[in-house]
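Before any comments, here is the structure.
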2 protein chains.
Amino acid sequence: MSGEDNLLRLVEGEEPDENGYHLQDQVGFILRKAHQRHVAIFASHIADLTPPQFAALAKLHDIGETSQNQLGTLIAMDAATVKGVIDRLKARGLVELSKHEVDKRRLLVNLTPEGREAIERLIPLARTITEETLAPLTAKEAATFLRLLAKLA
Amino acid sequence: MSGEDNLLRLVEGEEPDENGYHLQDQVGFILRKAHQRHVAIFASHIADLTPPQFAALAKLHDIGETSQNQLGTLIAMDAATVKGVIDRLKARGLVELSKHEVDKRRLLVNLTPEGREAIERLIPLARTITEETLAPLTAKEAATFLRLLAKLA
DNA sequence: GCAAATTCATTCGTATGCAAATGATATCAA
DNA sequence: TTGATATCATTTGCATACGAATGAATTTGC
């Protein structure tokens with residue numbers, strides 16, 4: 001691979017190196033950027049909660065009290081990650097913890113009244129965030145995208 | 001009430017029945033899961049490098065020596081993040097740093113011979129990773145998905 | 001009924017990822 | 001020229017994210 005070849009290709013307007021590896025075309029790299037953009041949009045609408053924290057509250061609102069471990073499974077977080085998220089929500093008074101009466105291994109998590117108020121107030125904003133994230137696509141494209149994305153996830 | 005119906009309503013901007021908010025239908029949540037899956041696939045093929053580290057090496061291989069800041073822009077990392085990534089690559093002898101002769105603010109980053117050997121050895125694996133990540137989709141679906149994902153990122 | 005395997009939670013270590021503040025240098029504009 | 005701005009890099013603090021190790025409790029298999 002000589003610089004002379006690259007110069008020639010440049011002058012002739014050809015693609016440099018057909019076998020070249022282009023990071024910006026790789027699904028992983030674009031996926032990472034799309035996720036970054038979504039997180040930024042999320043933060044611009046909901047400043048006092050992160051997406052994982054929101055996910056935990058939303059899921060608790062949906063299903064009610066559950067164990068920390070089960071919650072982690074439902075929101076796709078491993079045990080170490082979910083513990084940190086729940087710890088921070090607990091410190092802010094949005095969730096409360098209790099011990100499972102029968103299975104002493106389990107730590108039950110539930111919304112506090114403040115947590116319930118917060119998530120119900122924020123859900124409309126979450127719909128806005130979804131809309132803004134998908135805004136570069138037409139409605140039809142968005143439907144296609146979500147269908148294919150779900151197949152990948 | 002199927003998830004598909006909810007997806008359709010979301011895309012069309014209609015309200016789903018009740019106040020039902022389904023986390024698992026939100027683009028941000030699925031995006032996060034798809035990204036997680038990709039990172040896991042990456043790690044199963046390339047154990048000794050993270051995707052951000054790989055991105056830094058691949059971009060340096062593509063464009064040659066550049067400033068730390070410019071590299072960060074090209075691989076979508078802020079200054080604080082790229083510094084950590086480069087520090088770790090430097091500690092492993094895969095990149096080397098030097099000062100810009102004219103602009104004394106800039107820190108130039110370049111591949112070492114070891115870094116070049118590493119990235120050239122790993123690029124074929126990266127193609128495999130991309131294939132495996134997209135495996136749940138047909139070739140046509142994958143092309144559509146990448147086109148729409150790029151519009152979002 | 002009991003040993004092995006599994007599950008749940010915690011802790012530690014490492015690695016992104018980003019906001020905000022800081023210092024050094026470079027560029028712009030009056 | 002110089003004062004205001006902008007850029008580059010670093011540092012600190014906080015929040016995911018996950019592998020690996022550990023301990024406690026439960027379930028399984030025989």
Side-chain angles (χ1 to χ4, degrees), chain A residues 28-29 31-44 46-57 66-92 94-95 97-109, chain B residues 28-29 31-44 46-57 66-92 94-95 97-109:
Chain A
F29 183 71
L31 216 40
R32 177 169 148 271
K33 288 212 299 176
H35 182 247
Q36 282 177 353
R37 173 172 168 271
H38 167 76
V39 171
I41 291 171
F42 187 101
S44 74
I46 299 179
D48 58 342
L49 227 51
T50 65
Q53 289 168 1
F54 177 89
L57 295 183
T66 189
S67 74
Q68 190 174 273
N69 194 275
Q70 173 67 9
L71 180 61
T73 299
L74 293 170
I75 60 181
M77 288 179 211
D78 75 3
T81 300
V82 80
K83 185 190 187 303
V85 172
I86 294 304
D87 277 355
R88 285 179 285 276
L89 292 175
K90 177 177 183 292
R92 293 173 54 180
L94 299 177
V95 302
L97 305 180
S98 57
K99 292 179 181 175
H100 192 286
E101 291 296 324
V102 178
D103 188 339
K104 294 178 182 174
R105 294 170 307 177
R106 296 189 197 174
L107 189 62
L108 296 175
V109 189
Chain B
F29 183 71
L31 216 39
R32 176 168 148 273
K33 287 212 299 175
H35 182 247
Q36 282 177 353
R37 174 172 167 272
H38 167 76
V39 172
I41 291 171
F42 186 101
S44 74
I46 299 180
D48 57 343
L49 227 50
T50 65
Q53 289 167 1
F54 177 89
L57 295 184
T66 188
S67 74
Q68 191 173 274
N69 195 275
Q70 172 67 7
L71 180 62
T73 299
L74 293 171
I75 59 181
M77 288 179 211
D78 75 3
T81 300
V82 80
K83 184 189 188 305
V85 172
I86 294 303
D87 277 355
R88 285 179 284 276
L89 291 175
K90 177 176 183 294
R92 292 174 55 181
L94 300 177
V95 302
L97 305 179
S98 57
K99 292 179 180 175
H100 192 285
E101 292 295 324
V102 178
D103 188 338
K104 295 178 182 175
R105 295 170 305 177
R106 297 188 196 175
L107 188 64
L108 295 176
V109 189

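Throughout, protein chains are lettered first and strands after them, A, B, ... in sequence-line order, and every chain is numbered starting at 1. As the structure is a computational prediction, the values presented were derived from the model and not from experiment. Below, each value reflects all heavy atoms present in this structure, side chains not excepted, and no hydrogens, waters or symmetry copies.
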Looking only at heavy atoms, what is the nearest atom pair of B/Lys33 and A/Ala76, with distance?
-> CD-CB, 3.6 Å
Value rounded to 0.5 Å, distance of CG in B/Leu71 from CG in B/Leu57 | 9.0 Å
Whole Å only: how far is the CG atom of B/Asp48 from the P atom of C/dT14?
-> 17 Å
Do the side chains of B/His35 and B/Val39 get nearer than 4.5 Å, heavy atoms only?
-> yes
Protein N or O to nucleotides 6-8 of chain D N or O, pairs below 3.5 Å:
{"unit_1": "D/dT7", "atom_1": "O2", "unit_2": "B/Arg105", "atom_2": "NH1", "d": "2.7"}
{"unit_1": "D/dC8", "atom_1": "OP2", "unit_2": "B/Asn69", "atom_2": "OD1", "d": "3.4"}

Roughly how far, to the nearest 0.5 Å, is the OG1 atom of A/Thr66 from the CG atom of A/Leu107?
-> 11.0 Å
Can you tell if the side chain of B/His100 reaches within under 4.5 Å of the side chain of B/Ser67, non-hydrogen atoms only?
-> no
Length of the line joining A/Leu49:CG and D/dC14:C1', which is rounded to integer Å = 14 Å
Mapping A/Lys104 and A/Met77 to their closest nucleotides on DNA chain D, which lands nearer the 5' end?
-> A/Met77
Ordered by number, residues from residues 35-43 of chain A within less than 4.0 Å of DNA chain D (heavy atoms) are none
Below 4.0 Å: OP1/OP2 of C/dT16 and any side-chain N or O of B/Gln53 | yes
Quick one: B/Asp78 CG to D/dA15 P, roughly how many Å, whole number?
-> 17 Å
Looking at side-chain heavy atoms only, is the closest gap between B/Val109 and B/Leu89 below 4.5 Å?
-> no
Can you tell me how far P of C/dC8 sits from CD of A/Glu101, to the nearest Å?
-> 18 Å
Taking only residues two or more places apart in sequence, or in another chain, which ones meet B/Phe29 in a ring-ring contact (aromatic ring centres under 6.0 Å, His included)?
-> none
Could you give all pairs that pass the side-chain hydrogen bond (donor to acceptor under 3.5 Å, both in side chains) test and reach residues 46-55 of chain A, with sequence neighbours left out?
-> none
So do A/Leu49 and A/Arg92 actually touch side chain to side chain, heavy atoms under 4.5 Å?
-> yes
Find the distance B/Arg32:CZ to D/dA15:P and express it as a whole number of Å.
-> 16 Å
When the C1' atoms of the five terminal pairs at each end define the local axes, what inter-axis angle does the helix from C/dG1-D/dC30 to C/dA30-D/dT1 show, to 10 degrees?
-> 30°
Interface with DNA chain C, restricted to residues 79-88 of chain A and to heavy atoms under 4.0 Å = A/Ala79, A/Ala80, A/Lys83
Could you tell me the separation between the CG atom of B/Leu71 and the P atom of C/dT16, rounded to a whole number of Å?
-> 13 Å
Taking the side chain from B/Arg32 and the backbone from A/Pro51, do they hold a donor-acceptor pair closer than 3.5 Å?
-> no
Looking only at atom types and distance, does a side-chain atom of B/Gln68 sit under 3.5 Å from a main-chain N or O of B/Ile86, one as donor and one as acceptor?
-> no
Closest non-hydrogen atom pair, A/Ile75 against A/Ala55 | CG2-O, 3.7 Å
Minimum-distance pair of heavy atoms, taken over all atoms of A/Leu97 and A/Lys90 | CD1-CD, 3.4 Å
Return the value, rounded to whole Å, for the distance between atom NZ of A/Lys33 and atom P of C/dC18.
-> 12 Å
Heavy-atom closest pair (A/Ala79 atom, A/Val82 atom, distance to 0.1 Å) is O-CG1, 3.3 Å
For B/Val109, which contact category applies under a 4.0 Å heavy-atom criterion: base, sugar-phosphate, or nothing?
-> nothing
